[in-house]
Amino acid sequence: MSNLKNTQLSLESKKRLLKEMLFGRRFEERCYEAYVERKIGGFLHLYSGEEACAYGILDAARPGNDYVITSYRDHIHAIKSGTDPKRLMAELYGKVTGCCKGLGGSMHIFDVDKHFMGGYALVGGPFPLAAGIAKGIQMKKGEQICICFLGDAANNQGTFHESLNMAKLWNLPVLYVCENNLYGIGTRIDRSTAVVDQYKRVSGYNIPSRQVDGQDIEKVYAAAVEAIDYVRSGNGPYFLELMTYRYRGHSMSDSNAYRSKSEERIWGKRDPIITLRDRLIEAGEFSQEEYQTMDAEILDEIESEVIKFAEESPEPPKEMLAKYVLAENDPYVTGGRR
Ligand SMILES: Cc1ncc(C[n+]2csc(CCOP(=O)(O)OP(=O)(O)O)c2C)c(N)n1
Ligand SMILES: [Mg+2]
């Protein structure tokens, strides 16, 4: 039965989401600095510019109850699912207090208590995992849905087509969200993909789909409310394509030399945080001073709580190194038996 929520965000929710998106942006900017300082190692893929996608979709869902899965660009999805930013930063620092005990790192964030199912380095890997999670929900007659976020380039993997076919065949409760930032590393989508409009590709599987402006959180939220209602009501899968842009390179090792300055300028003007802020200011509901205070509070929280926690946490002990290599040591596999 449909329980459609209001597709319009209240003023209070807009202000809250502005704060959440700004927190996500500042959190990742601090990750950038910590990486340059060599406090964070391994790979680091930032979501800067794409915040309206994860925050808009998950605000319409039931974070912590619905299941969420994504790729290596995963920090913000984890935070919005309920992962404590302190434990997330500690994970990036490789500390034992991290949400994966410091053994996973940026590409492998996982928080089973919050139903955040990763964090995967394999492009296209989460498509079938999401279908499997959704099959599990269906078999248990659960009210949750699974939300699978993936990039535009992932759709050229075989797993995309295999998973969509099974998802529709079994009418699984899964929402696929394509974060179309126009690039797969340094390759622009029209150089790798025959059909650039990703929402059109799923019509071959008879899955309803829609393309939405991913820089406007109000539009993302409205589309998400309808899509989630469709999936939760037992109608089967749905596919949303969010048009977005990442403001930094693909990862920290990317010099970002393949995009023109004019393209970057155009998308820079469509910053999801600035767009929402200015809309609120123009409506007389918010002021530049309030924004500056909000920003200062966020920066202070990140420094005095998040970074402090990560810095002061201990490294994992050496004995832990091999502990989680074999499934037989994993309590989730053994049901608590060691
Ligand atoms: C199976 C597999 N093939 C190739 C790679 C290398 N790789 C890492 S990211 C990436 C591009 C993915 O782009 P997209 O899906 O658009 O996501 P975005 O990084 O833009 O968010 C590729 C090819 C990989 N990680 N896994
Ligand atoms: Mg991409």
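One-based numbering along the sequence shown. Scope of the values below: all heavy atoms of this structure, side chains included, with no hydrogens, waters or symmetry mates. Every number for a ligand or one of its atoms is a count from 1 in the order of the listing. These figures come from a predicted structure and were not determined experimentally.
- Panel detail: the Mg ion (ligand 2) has protein N, O or S atoms under 2.8 Å away, 3 in number.
- Distances between N or O atoms of Tyr183 and those of ligand 1 include at least one value under 3.5 Å.
- With ligand atoms numbered from 1 in the order given, ligand 1 contributes 15 (O) to contacts under 4.0 Å with heavy atoms of Ala154.
- Remark: ligand 1 atoms within the under-4.0 Å shell around heavy atoms of Gln157 are 1 (C).
- Side-chain N/O atoms of Gln198 and Asn155 include a donor and acceptor closer than 3.5 Å.
- Residues Lys261 and Glu264 are paired through a salt bridge, judged by an N-O separation under 4.0 Å between the basic side chain and the carboxylate.
- Residue Ala121 has at least one nitrogen or oxygen atom sitting less than 3.5 Å from a nitrogen or oxygen atom of ligand 1, judged on distance alone.
- Atom 20 (O) of ligand 1 has its nearest heavy-atom neighbour, among Asp74, Thr187, Asn181, Thr193, in Asn181.
- Close N/O approach between Glu50 and ligand 1 is not found [any backbone or side-chain N/O within under 3.5 Å].
- For Ser163 (side chain) and Phe160 (main-chain N/O), no donor-acceptor pair under 3.5 Å exists by modelled atom type.
- For ligand 1, the polar-atom distance check finds no N/O of Ile185 at less than 3.5 Å from any of the ligand's N/O atoms.
- Within the cation-pi definition used here (under 6.0 Å to the ring centroid, within 45° of the axis), Arg277 qualifies as a partner of Tyr291.
- Using a 4.0 Å cut-off to heavy atoms of Arg73, the atoms of ligand 1 that qualify are 18 (P), 19 (O), 21 (O).
- By the 4.5 Å heavy-atom criterion applied to side chains, Tyr247 and Arg25 are counted as neighbours.
- Inspection of the Ser253 and Ser251 side chains reveals an N or O donor paired with an N or O acceptor under 3.5 Å.
- Heavy-atom contacts of Ala153 reach the following atoms of ligand 1: 12 (C), 13 (O), 14 (P), 15 (O), 16 (O) (cutoff under 4.0 Å).
- Among protein heavy atoms, atom 26 (N) of ligand 1 sits closest to Val123 N, 3.1 Å.
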- Task: Applying side chain to side chain contact (heavy atoms under 4.5 Å, CB included), run through Leu18 and Phe286 and close with a yes or a no.
- Result: CA-CA 11 Å; Leu18 178 66; Phe286 202 59; 3.6 Å; yes
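- A 4.5 Å side-chain heavy-atom check between Arg62 and Ile228 finds every atom pair outside the cut-off.
- Linking ILVMFWY side-chain heavy atoms closer than 4.5 Å, directly or via other members, places Tyr55 and Tyr67 in two distinct hydrophobic clusters.
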- Before giving the answer on side chain to side chain donor-acceptor pair (under 3.5 Å), spell out for Tyr72 and His108 the whole-Å C-alpha distance, their side-chain angles and the decisive distance to 0.1 Å. CA-CA 7 Å; Tyr72 41 81; His108 309 287; over 6 Å; no
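- Ligand 1 places these atoms under 4.0 Å from at least one heavy atom of His250: 9 (S), 19 (O).
- The protein atom (non-hydrogen) at minimum distance from atom 17 (O) of ligand 1 is Tyr72 OH, 3.1 Å.
- Between the side chains of Tyr238 and Glu226, not a single donor N or O lies within less than 3.5 Å of an accepting N or O.
- The side chain to side chain contact (heavy atoms under 4.5 Å, CB included) test with Tyr35 is passed by exactly one of Leu46, Leu92, Leu44: Leu44.
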